Engineer: 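Can you read through this structure? Questions will come right after.
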Amino acid sequence: MPRAARKRSESGIYHIVMRGINRQVIFIEREDFLRFIETLQKYKNICEYQLFSYCLMDNHVHLLIKEGKEPLETVMRRICGSYVFWYNRKYDRIGYLFQDRFKSEAVEDDTYFLTVLRYIFQNPVKAGIVKDVIEYPWTNYDDYKRKTNKSETDFVFNFFNAHNSETAIKAFIKYINESNADECLDLDERSTITDNEAQKVITETCKVEHPHDMQEFNTDERNYYIKILKTDYNLSIRQIERLTGINRGIIQKV
């Protein structure tokens, strides 16, 4: 069966997830983490992509980047190929290191961009590895605190409408560390029920002919039913968004 075509981003911005083959650990020692970060910086200069955030976990990686002069597939082939070559030589192994092709999702609006940014930085916190974002060493969160040129900090700080960099940094830190129920692309996207089953739940619960009809509800009615779908039927934010066409940001806030 041929692979489904990767969804292209009109903004050129993507959230990317890569996992070790058979869930294998891809970073064993401190040197391995540092090497991958160096590889990101090396190809950032060569491929001219913009790097907004990254998080390196033991067996997977999250990235938030914007394409530059080379397409996403070429960029990722360069990054992965370089790291795997180095890793295999170091550990005297052969073969693949990353599982299949990387996953990606297009990031098309400002609200979701900030959601993904926070989701990536909070990944180690939600995994129970650390209690605070700042405690985890293998993200570029510190680039924002120190306002380095290794990441596209100015692009991100512009979202916070601050009059100076000090205020922007404070607003950024406050946002990134807020408690949330963010849902983004991750390693396991299986829903508790299928889309067909979820569609039936929506039409029967919300008394509509099609899930898209929920867009015609007034705000209170819409939010009332969204809450029921999330809490009583365990439909995910992504699934509700996909079936109803209601903006992800609205669903998250309910």
Side-chain angles (χ1 to χ4, degrees), residues 1-19 23 52-53 55 60 62-66 72-73 99-123 125-128 159 175-176 178-254:
M1 180 181 295
R3 290 175 171 175
R6 192 179 301 280
K7 182 179 179 181
R8 306 305 302 177
S9 170
E10 293 183 9
S11 69
I13 299 176
Y14 294 90
H15 173 205
I16 298 162
V17 186
M18 302 182 293
R19 178 165 62 187
R23 303 177 186 269
F52 303 109
S53 64
C55 178
H60 69 280
H62 285 272
L63 303 173
L64 181 58
I65 68 174
K66 182 175 182 178
L72 183 66
E73 289 76 8
Q99 178 176 304
D100 201 15
R101 63 174 181 169
F102 62 92
K103 290 184 177 183
S104 69
E105 63 174 344
V107 179
E108 304 288 20
D109 62 77
D110 296 349
T111 299
Y112 192 55
F113 175 88
L114 291 175
T115 296
V116 174
L117 189 79
R118 179 167 62 189
Y119 182 83
I120 290 176
F121 285 138
Q122 287 202 3
N123 206 248
V125 176
K126 292 188 175 181
F159 286 107
Y175 174 79
I176 292 299
E178 286 176 350
S179 297
N180 62 80
D182 295 342
E183 286 190 15
C184 302
L185 176 70
D186 216 316
L187 297 175
D188 188 1
E189 293 186 291
R190 292 172 297 179
S191 300
T192 54
I193 63 175
T194 67
D195 277 3
N196 285 338
E197 292 170 332
Q199 182 167 326
K200 184 177 180 181
V201 166
I202 293 171
T203 55
E204 292 181 354
T205 303
C206 305
K207 301 176 178 62
V208 293
E209 292 186 7
H210 190 278
H212 276 203
D213 295 340
M214 285 185 64
Q215 296 182 37
E216 304 301 321
F217 289 173
N218 63 50
T219 301
D220 290 341
E221 186 178 19
R222 179 198 66 200
N223 291 351
Y224 169 78
Y225 282 116
I226 287 175
K227 185 174 182 180
I228 288 176
L229 296 175
K230 289 168 64 178
T231 58
D232 292 1
Y233 293 96
N234 200 31
L235 269 64
S236 71
I237 293 172
R238 293 175 62 83
Q239 194 169 40
I240 297 172
E241 178 198 33
R242 185 167 60 248
L243 294 175
T244 66
I246 296 173
N247 183 274
R248 182 195 308 260
I250 292 173
I251 301 169
Q252 286 178 327
K253 291 177 182 178
V254 175

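These figures come from a predicted structure and were not determined experimentally.
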Engineer: Just so I know, are the side chains of L117 and Y175 near enough to count as touching, which here means a heavy-atom distance under 4.5 Å?
Structural biologist: no
Engineer: Return the CD1 to CD1 distance between I240 and I226, rounded to the nearest 0.5 Å.
Structural biologist: 6.5 Å
Engineer: Do you know the tightest heavy-atom contact between L185 and Y119?
Structural biologist: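 Shortest heavy-atom contact: O-CE2, 3.8 Å.
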Engineer: So, taking the atom named CD1 in I120 and the one named CG in L63, what distance separates them when rounded to the nearest 0.5 Å?
Structural biologist: 7.0 Å
Engineer: Nearest 0.5 Å please: distance from the CG atom of N180 over to the OG1 atom of T115.
Structural biologist: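 One finds 8.0 Å between CG of N180 and OG1 of T115.
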Engineer: Indicate yes or no: at least one non-hydrogen side-chain atom of Q215 is less than 4.5 angstrom from one of T244.
Structural biologist: no
Engineer: Can you give me the closest heavy-atom contact between I246 and R222, atom names plus distance?
Structural biologist: CD1-CG, 4.0 Å
Engineer: Kindly give the heavy-atom pair with the smallest separation between G12 and S9, and that separation in Å.
Structural biologist: N-OG, 3.0 Å
Engineer: For the residue pair P211 and L243, what are the closest heavy atoms and their distance?
Structural biologist: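 Where P211 meets L243 most closely, the heavy atoms are CB-O, 3.3 Å.
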Engineer: Could you grab the distance from atom CD of E221 to atom CD of E216, nearest 0.5 Å is fine?
Structural biologist: 11.0 Å
Engineer: Please examine the side chains of D213 and C206, heavy atoms only from C-beta on, and report whether any two atoms are closer than 4.5 Å.
Structural biologist: no
Engineer: With a cut-off of 6.0 Å (strictly less than), are more than 12 heavy atoms of other residues, nucleotides or ligands near CD of E178?
Structural biologist: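 Check passes, neighbour count above 12.
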Engineer: Would a 4.5 Å heavy-atom cut-off, applied to side chains only, mark Q239 and R242 as touching?
Structural biologist: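 Q239 vs R242: side chains touch.
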Engineer: Would you say the rings of F52 and F113 are close, in the sense that their centroids are separated by under 6.0 Å?
Structural biologist: yes
Engineer: Is any NZ, NE, NH1 or NH2 atom of the basic residue among K126 and E183 found under 4.0 Å from an Asp or Glu carboxylate oxygen of the other?
Structural biologist: no
Engineer: Which heavy atom in Y225 sits nearest to a heavy atom in K207, and how many Å separate them?
Structural biologist: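 Heavy atoms only, the tightest pair is OH-NZ, 4.4 Å.
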Engineer: Using every non-hydrogen atom in the two residues, find where S11 and E108 come nearest and quote the distance to one decimal.
Structural biologist: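 For S11 and E108, the tightest heavy-atom pair comes out as N-OE1, 3.0 Å.
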Engineer: Side-chain contact test, heavy atoms from C-beta onward, threshold under 4.5 Å: evaluate it for Y14 versus K103 and give yes or no.
Structural biologist: no
Engineer: For residues V116 and I13, determine if any side-chain heavy atom of one lies less than 4.5 Å from a side-chain heavy atom of the other.
Structural biologist: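 No. Closest side-chain heavy atoms not under 4.5 Å.
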Engineer: Can you tell me how far CG of L64 sits from CZ of R118, rounded to the nearest 0.5 angstrom?
Structural biologist: 13.5 Å
Engineer: Would you find a donor on one side and an acceptor on the other, under 3.5 Å apart, between the side chain of Q122 and the backbone of I176?
Structural biologist: yes
Engineer: Begin from the C-alpha positions of L72 and I65 and carry the test side-chain contact (heavy atoms from CB on, under 4.5 Å) through to its verdict.
Structural biologist: CA-CA 9 Å; L72 183 66; I65 68 174; 3.8 Å; yes
Engineer: So, taking the atom named CG in L235 and the one named CG in D195, what distance separates them when rounded to the nearest 0.5 Å?
Structural biologist: 8.5 Å
Engineer: Examine distances only and state if a side-chain atom of T205 and a backbone atom of I202 form a donor-acceptor pair shorter than 3.5 Å.
Structural biologist: no
